[in-house]
Amino acid sequence: KTAEEERLAKEAAEAAEAAGKAAEERLALEAVEAAKKAEEERVAKEADEAAEAARKAEEERLALEAFEAAKKADEDSLAKEAAEAAEAARKAEDERLALETGEAAKKAEEERLSQEAAHAAEAARKSEEERLALEAAEAAKKAEEERLANAATEEADAERKEEEECSVLVVVEAAKTAEEERLAKEAAEAVEAASKAEEECSALEADEAAKKAEEERLAKEADEAAEAARKAEE
């Protein structure tokens with residue numbers, strides 16, 4: 001890192017010295033050229049040269065700032081890489097120690113688990129025998145209870161079906177009687193409505209006939225009066 005910083009500093013100094021020499025030579029040449037021209041051209045050129053110098057100075061400043069930023073970024077990158085390398089080495093060492101410790105603990109744990117497994121297997125065998133005996137007794141008891149419950153359910157279902165059949169017959173008979181009464185009532189209402197409609201139709205037809213006869217009579221009288229008036233006029 002120190003060697004890189006010294007190299008970068010040396011390059012920066014050389015670049016600054018070269019820039020200074022180039023600026024001196026350029027200014028000397030511009031002074032000789034300016035002396036050859038008239039006073040008006042000199043004043044105008046000096047103004048232009050001042051603006052150009054300011055622009056170049058700004059460019060040099062920006063270039064120097066970019067160089068400094070690049071230098072700093074390079075230094076930060078090197079520092080970050082060194083830190084990452086140190087962290088990776090530490091993690092590798094931690095993993096190695098953890099692996100060694102884990103192997104020893106693993107063997108001790110395997111032996112302990114093997115003994116516990118043997119004891120647990122014996123206890124499980126005894127517990128399984130007791131459980132199977134208990135389950136057999138429970139299954140026999142449950143089967144008997146289910147048989148009794150099924151018998152009671154079948155008897156209750158038979159009684160319920162018989163009651164439902166009786167209820168259905170009663171409901172059907174009642175529905176049949178209600179339907180017959182409804183049909184008889186609708187037939188009577190239809191006959192009554194037809195009779196009323198017939199009476200209304202007959203009355204309407206009589207009114208229409210009387211109206212038409214009256215219109216024909218009036219038309220005939222009008223025709224006769226017109227004829228009489230025509231003859232009287234003649």
Side-chain angles (χ1 to χ4, degrees), residues 1-30 48-157:
K1 179 178 178 181
T2 302
E4 180 66 14
E5 290 177 352
E6 291 176 355
R7 182 182 64 78
L8 293 174
K10 185 178 179 181
E11 288 178 358
E14 291 175 354
E17 184 178 357
K21 288 181 180 180
E24 291 175 0
E25 293 176 357
R26 180 179 57 79
L27 291 174
L29 182 61
E30 287 176 356
D48 293 337
E49 289 174 351
E52 180 69 15
R55 184 183 63 80
K56 288 185 177 180
E58 181 67 14
E59 291 178 353
E60 292 175 357
R61 185 182 65 79
L62 293 175
L64 184 61
E65 288 179 355
F67 172 75
E68 290 293 334
K71 179 181 177 182
K72 186 176 181 181
D74 192 22
E75 292 174 353
D76 292 342
S77 176
L78 292 173
K80 184 178 179 181
E81 290 178 358
E84 290 176 351
E87 181 67 16
R90 186 185 62 77
K91 287 183 178 180
E93 181 65 14
D94 292 343
E95 290 176 357
R96 185 183 65 79
L97 294 174
L99 185 62
E100 292 178 354
T101 305
E103 287 294 329
K106 182 180 177 182
K107 289 182 179 179
E109 182 66 14
E110 288 176 352
E111 293 177 357
R112 184 183 66 78
L113 292 175
S114 177
Q115 294 178 358
E116 289 182 355
H119 294 306
E122 181 65 19
R125 184 181 63 78
K126 291 181 179 180
S127 177
E128 182 67 13
E129 291 176 354
E130 294 175 356
R131 186 183 64 79
L132 292 175
L134 184 60
E135 286 181 354
E138 288 292 332
K141 180 181 178 181
K142 188 175 181 181
E144 181 64 18
E145 290 176 352
E146 290 178 354
R147 185 183 65 78
L148 294 174
N150 289 333
T153 302
E154 290 175 357
E155 184 177 355
D157 287 342

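Fair warning: this is a prediction, and the values are worked out from it, not measured in the lab.
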Among residues two or more places apart or on two chains, list those pairs meeting side-chain hydrogen bond (donor to acceptor under 3.5 Å, both in side chains) that have a residue in residues 98-108. R96-E100

With a 4.5 Å limit on heavy-atom distance, are the side chains of K56 and R26 in contact? yes

Atom pairs and distances, side-chain donor-acceptor, residues 71-82, under 3.5 Å, sequence neighbours left out:
none

Please determine which of E25, E17, E24 meets the salt bridge (Lys or Arg N to Asp or Glu O under 4.0 Å) test together with K21. E17

Let me have the donor-acceptor pairs involving side chains of residues 146-154, under 3.5 Å, with sequence neighbours excluded, atom names and distances please.
| residue | atom | partner | partner atom | Å |
| --- | --- | --- | --- | --- |
| R147 | NE | E144 | OE1 | 3.4 |
| R147 | NH2 | E144 | OE2 | 2.5 |
| N150 | ND2 | E146 | O | 3.0 |
| T153 | OG1 | A149 | O | 2.7 |

Could you check L132 against E135 for side chain to side chain contact (heavy atoms under 4.5 Å, CB included), going step by step and ending with a plain yes or no? CA-CA 5 Å; L132 292 175; E135 286 181 354; 4.1 Å; yes

Side-chain heavy-atom pair R125, E122 within 4.5 angstrom cut-off: yes

Applying side chain to side chain contact (heavy atoms under 4.5 Å, CB included) to K10 and E14, what does each step give before you reach the verdict? CA-CA 6 Å; K10 185 178 179 181; E14 291 175 354; 3.4 Å; yes

